[in-house]
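Okay, structure first, notes after.
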Amino acid sequence: IASNGRALDKTLNIARLVRQAPYCVRPELLLVFNESIAFSLKVPVSKIEALERDDFEALPDAVFARALAGSVCRALKIDSAPVLALLPQG
């Protein structure tokens, strides 16, 4: 269950997390949001976008994907445990 009380499903990705976050980001603001998160985490926007698409091949490795997902969850104030449980193991 997400911090906002919504159930997480097996196809969860970061884009869905954004929509389920306590303060929902409108789709037209998603690019600005991605750029803001990327800037604050000091990673390229392309890495955030790859995580959104569950495109783990575009990320350096599973450890990086899990660390990035955890950082995004913290930025969204979302419990990272259920998300990390769905990601590949490092």
Side-chain angles (χ1 to χ4, degrees):
I1 304 256
S3 62
N4 62 3
R6 295 184 189 174
L8 299 176
D9 66 32
K10 291 292 184 186
T11 60
L12 185 65
N13 60 28
I14 296 301
R16 281 201 187 148
L17 280 178
V18 170
R19 288 188 290 277
Q20 292 180 358
Y23 51 90
C24 183
V25 175
R26 295 190 317 262
E28 63 271 15
L29 296 178
L30 195 54
L31 179 59
V32 173
F33 176 79
N34 287 351
E35 290 173 352
S36 175
I37 289 288
F39 179 78
S40 69
L41 298 178
K42 298 178 175 64
V43 297
V45 174
S46 62
K47 301 299 184 196
I48 301 292
E49 291 170 343
L51 192 61
E52 285 181 340
R53 293 187 310 271
D54 293 334
D55 182 8
F56 303 117
E57 297 296 319
L59 300 173
D61 56 33
V63 173
F64 179 87
R66 293 176 64 79
L68 182 58
S71 296
V72 171
C73 287
R74 279 190 296 283
L76 293 172
K77 299 182 181 3
I78 294 173
D79 182 13
S80 63
V83 175
L84 295 176
L86 298 173
L87 293 176
Q89 295 295 313

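None of these values were measured; they are calculated from a predicted model.
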- Message: Tell me if a side-chain donor or acceptor on R66 pairs with a main-chain N or O of Q89 at a distance below 3.5 Å.
- Response: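 No; zero donor-acceptor contacts below 3.5 Å.
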
How far apart are the closest heavy atoms of [X] and [Y], and which atoms are they?
| X | Y | result |
| --- | --- | --- |
| L87 | A69 | CD1-CB, 3.4 Å |
| A75 | I37 | CB-CD1, 3.5 Å |
| S80 | G70 | CB-CA, 4.3 Å |
| V83 | C73 | CG2-SG, 3.9 Å |
| A50 | L59 | CB-CD2, 4.0 Å |

- Query: Rounded to the nearest 0.5 Å, how far does OG of S36 lie from CG of L41?
  - Reply: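 So the gap between those two atoms works out to 9.0 Å.
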
- Look up atom CD in E52 and atom OG in S46, then write down how far apart they are to the nearest 0.5 Å.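 These two atoms lie 11.5 Å from each other.
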
State, yes or no, whether a side-chain contact exists between [X] and [Y] at a heavy-atom distance under 4.5 Å.
| X | Y | answer |
| --- | --- | --- |
| P60 | K47 | yes |
| L68 | I48 | yes |
| V45 | F39 | no |

- Item | Sequence-distant partners of A67, side chain to side chain contact (heavy atoms under 4.5 Å, CB included), two or more places apart |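 In terms of side chain to side chain contact (heavy atoms under 4.5 Å, CB included), with neighbours along the sequence ignored, A67 is linked to no residue.
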
- Who are the side-chain hydrogen bond (donor to acceptor under 3.5 Å, both in side chains) partners of D61, not counting sequence neighbours?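 For D61, no residue satisfies side-chain hydrogen bond (donor to acceptor under 3.5 Å, both in side chains) once neighbours in sequence are set aside.
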
